[in-house]
Amino acid sequence: MLNGKVIVLGVTGGIAAYKAATLCSRLVQRGADVHVIMTESAKQFIPELTLQTLTKNPVYSDTFDERDPSVVSHIHLADLADLFLIAPATANIIGKMAHGLADDMLSTTLLATTAPVMISPAMNVHMYTHPAVMANMQTLVSRGVSMIEPGEGLLACGYVGKGRMEEPETIVDVVERFFWDGAAPSVLQNEEMANSSTGILHGKKVVVTAGGTIERIDPVRYITNDSSGKMGFAVAKAAKQLGADVHLIAAHTDEAPPEGIRTEKVNSAQDMYEAVQRVFETSDIVVKAAAVADYRPVETATSKIKKRGETMTLELVKTTDILESLGRQKTSQFLIGFAAETDTVEYFAKDKLKRKNCDLIVANDVTQEGAGFGTDTNSVQIFDKEGLVLQLPVISKEEVALRLLTLAADRLSGRSS
Ligand code: CTP
C-alpha cells in the first residue's frame with residue numbers, strides 16, 4: 001500500500017519514542033521509504049542505530065551534520081517527503097511548529113517542507129489539556145496539519161488519562177488511508193477542546209445559514225435547489241464544539257438540524273434575509289453556507305395553478321443577495337461565504353469574495369466526486385482577498401467545518417491582538 005511513498009518520520013523526546021521502532025518497521029513492511037529525523041531528547045529514549053537498521057536509511061538529528069555535499073540535508077529531506085509524520089510529538093515540538101521556530105534539524109526541516117504533515121501527540125494528560133498546548137494544536141490544525149489523537153489509559157508518568165501515543169498499527173492504517181483516499185484525521189473532535197472555556201470560539205457569537213431556500217409558486221409547488229444542509233449543519237456543530245454561542249438559520253434540508261443548537265427555520269430567501277438581519281449586528285462570525293435562490297416568482301398564487309395551455313411562463317424576480325447586503329453593512333463581523341461551482345471555480349469564487357466583501361470564501365466544484373450537495377464529504381479551497389489560503393482534500397464536512405472555523409478564529413484573534 002505504501003510502495004514508493006517517502007515518509008519522513010520525526011521522532012521527539014518522550015517515552016513513547018520506543019514505539020517509533022515498531023512504527024518504522026511496519027511502515028517499511030508496507031513498502032514505504034522511511035527517513036528518520038530524531039531530536040536530541042529522542043536519542044535519550046531510543047538509539048539512532050535501531051531506527052537506521054530498521055529503515056536502512058541514515059538517521060538525522062544535527063542540522064549541520066551534512067553527509068552528502070551535493071545536497072543540503074534538511075532541504076533535501078523536506079523536498080523528498082510525500083508525508084511528514086511526527087510520532088511521538090511532544091508538547092515542545094507542537095509549540096515550536098505553532099510558532100514557526102527552527103532550532104534543530106526536525107523543526108528546520110518542518111519549516112522547509114510543503115508535504116502534508118501529520119502528528120501523533122504523546123504526553124502527560126495535564127500537559128495535553130493545558131490551554132497553551134490546546135491553542136498550539138488548534139493553530140496547527142487551522143494550517144492543515146493532521147492530528148492522530150492520543151488514546152486514553154495508564155500513562156508512563158503514572159497518571160491515567162489522555163496522552164498515550166496511538167498504537168503504531170493504527171498510525172500505519174491512518175497513513176495508508178491518507179494515501180488511499182486523502183482522508184486525514186482531526187484532533188478537534190476531542191472533548192477537551194470542545195465547549196470548554198479553552199474553546200477557541202468561546203465568547204463568540206456565530207450565525208450559520210444552511211439548506212436551500214424555497215420560493216413558492218403556489219400552495220403545492222415551489223422552486224428550490226439540491227442543497228442538503230449538511231455543510232451548514234457541520235459548521236454549526238463545529239462552532240458549538242469550539243465553544244461558540246451558535247444561531248443556526250435553516251431553510252429546506254434533507255436532515256434534521258443538529259441537536260442542542262438554537263435553530264430558526266425559514267423558507268424563502270426573504271425569510272432568511274430577515275432572520276439574518278435580526279442577529280447580524282451582534283454576531284462575530286457569519287457563515288453563509290445556505291444555497292439561496294437567486295430568483296423567486298413575481299407572484300405566489302394563493303390557490304393551485306391549473307393546467308392550461310401547452311406552455312407556461314413563470315415570471316421571476318431577483319431575490320435580495322443576503323451576503324452582499326451583509327458585506328455592505330459589516331463593521332467588525334467576520335463574513336464567510338460559500339461558492340458551489342461547476343466550472344472555473346477559482347475565478348467565480350474570487351469574484352464573489354470581492355463583490356460580496358467577504359473575509360473568506362469556501363469554494364468547491366460540485367461536479368467533483370466526494371464534493372458538494374448531498375455527500376458527507378467535501379473538497380474545498382478557501383480564499384481570502386490575497387488568494388488561496390487553504391486547499392483541503394476530500395474529507396468529511398465536519399472536518400472541513402472545523403478547519404474553516406479554526407482559520408476564522410485565528411484571523412479574528414489576529415485582528416484583536
Ligand atoms: N447568497 C446570498 N443571497 C443570495 C444568493 C447567494 O446570501 N440571494 C450567498 C450564498 O449563501 C453563498 C454566496 O452568496 O454564501 C454565493 O452564492 P452563489 O449562489 O454561489 O452566488 P451568486 O452570487 O448567486 O452567483 P451565481 O448564482 O451566479 O453563481
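The structure displayed is predicted, hence computed values, not measured ones. Atoms within each ligand, like the ligands themselves, are counted from 1 in listed order.
Among protein heavy atoms, atom 15 (O) of ligand 1 sits closest to K288 O, 2.7 Å. Among all protein heavy atoms, the one lying closest to atom 22 (P) of ligand 1 is K356 NZ, 3.6 Å. Of all protein heavy atoms, the one closest to atom 20 (O) of ligand 1 is K352 NZ, 2.7 Å. Protein heavy atom in closest approach to atom 8 (N) of ligand 1: T320 O, 3.0 Å. Protein heavy atom nearest atom 9 (C) of ligand 1, with residue, atom name and distance: L323 CB, 3.8 Å. Regarding atom 24 (O) of ligand 1, its nearest protein heavy-atom neighbour is D294 OD1, 2.8 Å. What sits closest to atom 16 (C) of ligand 1 on the protein, heavy atoms only, is F338 O, 2.9 Å.
If you check the side chains of T344 and E346, you find no donor sitting under 3.5 Å from an acceptor. Side chains of D271 and S268: a donor-acceptor N/O pair is present below 3.5 angstrom, by distance only. In this model, no donor atom of one side chain and acceptor atom of the other lie less than 3.5 Å apart for H252 and N225. Side-chain polar atoms of T139 and N136 form no donor-acceptor pair below 3.5 angstrom. Of the N and O atoms on the side chains of E281 and Q333, not one donor lies less than 3.5 Å from an acceptor on the other residue. A donor atom on one side chain and an acceptor atom on the other are not found under 3.5 Å apart for N57 and T55.
Of all atoms in ligand 1, numbered sequentially from 1 with element shown, those under 4.0 Å from a heavy atom of R355 are 23 (O). Close contacts between ligand 1 and A293 involve ligand atoms 8 (N) [criterion: under 4.0 Å to a heavy atom]. Near G337, meaning under 4.0 Å from any of its heavy atoms, are these atoms of ligand 1: 15 (O).
Between A290 and ligand 1, an N or O atom pair is found at a separation short of 3.5 Å. Checking only distances, V292 never comes within under 3.5 Å of ligand 1, N or O to N or O.
The list of salt bridge (charged side-chain N to carboxylate O under 4.0 Å, His left out) pairs with a residue in residues 285-302, not counting sequence neighbours, is empty.
In summary, D376 and K397 do not engage in a salt bridge, as defined by a charged side-chain N under 4.0 Å from a carboxylate O. Here E166 does not pair with K19 in a salt bridge; the nearest charged N to carboxylate O distance is not below 4.0 Å.
Distances shorter than 4.0 angstrom do not occur between any heavy atom of A291 and any atom of ligand 1.
Contacts of A269 with ligand 1, taken as heavy-atom pairs under 4.0 Å, are absent altogether. Residue E324 does not touch ligand 1, judged by heavy-atom distances below 4.0 Å. Under 4.0 Å from ligand 1, the heavy atoms of T319 that appear belong solely to its side chain.
Remark: M134 CE to Y128 OH distance equals 5.0 Å, nearest 0.5 Å.
Of the residues K205, K240, R262, the one that meets the salt bridge (charged side-chain N to carboxylate O under 4.0 Å, His left out) test with D245 is R262.
For atom 3 (N) of ligand 1, the nearest protein heavy atom is under 4.0 Å away.
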